[in-house]
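No experiment lies behind these values; they were computed from the predicted model shown. The sequence lines fix the lettering, A, B, ..., with proteins before strands; numbering per chain opens at 1.
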There are 2 protein chains.
Amino acid sequence: MTSMPLPERLGSHLKRAEQALSAAKQAALKPAHLTVSQYAALLHLSQSPGISAAALARACAVTPPTMNTVLKNLQENGLIERTPHEWHKNILETRLTEKGERVLAEGDVRAVEVERALAAEFSPQERETLIALLGRCTAFLQSARPTEPRRRPG
Amino acid sequence: MTSMPLPERLGSHLKRAEQALSAAKQAALKPAHLTVSQYAALLHLSQSPGISAAALARACAVTPPTMNTVLKNLQENGLIERTPHEWHKNILETRLTEKGERVLAEGDVRAVEVERALAAEFSPQERETLIALLGRCTAFLQSARPTEPRRRPG
DNA sequence: TTACAATAGTTAGAGCTCTAATGTTCGTCA
DNA sequence: TGACGAACATTAGAGCTCTAACTATTGTAA
């Protein structure tokens, strides 16, 4: 008995597409020795120097422990540096090193190539439609499943 | 310097949507003590009893070692059983146990609820459009990055 | 001052995912 | 019979991801 045929599930198609994109980016970033997650972190980091790990996690839509893992690897490879905040003792400011900027730039060229090639497959109208439809998916799914079931104080 | 603004990247939107869907399914499957990957494996397994792990990996679009990991956990939980093929000594036939069928049925109800709710957010026309656009993403990305760069014999 | 909430950071543990490499079996072909 | 390629299964190792804890700091309110 089949409850719902797979081809009818939007999820199947969404997953396949995301998987294919992720694989393509992974291959594109390989020469720069970057993973997709590392690239995403570096990219946001370059746009918000000194951002905290928690804020970076939010920007990348992952949990703090996940970002912690990614940052640990980036730091071990010398791509970022983390320095204590001047007076906010609980915050570690994260910044790209020179090497980090270089590697990001290298990876970015390849990653953007993939994005451009993909975008070129669609007309501007189609891109708009796709983005809008995906946005509605995300909005619905997030509203149906709140990040934090806010509990009242009393 | 920003090479390509994030909102212009189809990848950003695709990733967000897939992430939201995955999170929703994960939450839906939690009561059945199933992960999204385990659910996908069980679902394909129920439709192709006795399938080999390699074939199952292809169906779920993951690599054999990945499927191996998933199957190991499913087996430890008693949801599947793997028996040597009658005369193909190198193949392990994988099948759902009774418990596996029960748990799958339980999880399936919840997972399909998510799919139906998501589908209900769109008109039939919109669903068709979204699926078609996603299909073109997948097709392009896979063609641009062949699974196996076929090498000629001579 | 003390208590509490919010935020930041971290560790532990489970699970998924990949690439690379190994070993086995099957079928084909010389 | 023997060699070889294709397919299956597995292990090793690196990395990502989550939930569930725990600690520390900051700021606010009793």
Give a yes or no on whether A:Leu71 and A:Leu104 share a hydrophobic cluster (residues Ile, Leu, Val, Met, Phe, Trp, Tyr; joining criterion: side-chain heavy atoms under 4.5 Å apart).
yes
Distance-only donor-acceptor test (3.5 Å): side chain A:Asn90, base D:dA24:
yes
Ion pair present between B:Asp108 and A:Arg9, side-chain N to carboxylate O less than 4.0 angstrom?
yes
For DNA chain C, what residues of residues 59-78 of chain A have any heavy atom nearer than 4.0 Å?
A:Pro64, A:Pro65, A:Asn68
By side chain to side chain donor-acceptor pair (under 3.5 Å), which residues pair with A:Thr83, not counting sequence neighbours?
none
A:Leu74 CG to A:Lys99 NZ distance, which is reported to the nearest 0.5 Å
10.5 Å
Using a cut-off of strictly less than 4.0 Å between a heavy atom of the residue and any atom of DNA chain C, enumerate the qualifying residues of residues 97-107 of chain B by number.
none
Range on DNA chain C touched by chain B - first to last nucleotide, heavy-atom distance under 4.0 Å:
C:dG15 to C:dG27
Nearest nucleotide by nearest heavy atom, which residue falls closer to the 5' end of DNA chain C, A:Gln26 or A:Arg82?
A:Arg82
Quick check: are there more than 12 heavy atoms from other residues, nucleotides or ligands sitting under 6.0 Å from CD of A:Glu76?
yes
In short, A:Val36 meets A:Lys25 closest at the heavy-atom pair CG2-CB, 4.1 Å
Can you name the residues that form a side chain to side chain donor-acceptor pair (under 3.5 Å) with B:Thr66, not counting sequence neighbours?
B:Thr63
Hits for side chain to side chain donor-acceptor pair (under 3.5 Å) against A:Glu93, two or more places apart or cross-chain, chain-then-number order -> A:Arg95
From CG of B:Leu92 over to C1' of D:dA7, roughly how many Å is that when rounded to an integer?
14 Å
Distance (rounded to the nearest 0.5 Å) between B:Leu45 CG and B:Leu96 CG
4.5 Å
Step by step, work out the salt bridge (charged side-chain N to carboxylate O under 4.0 Å, His left out) result for B:Glu8 and A:Arg127.
CA-CA 9 Å; B:Glu8 284 179 19; A:Arg127 283 199 291 275; over 6 Å; no
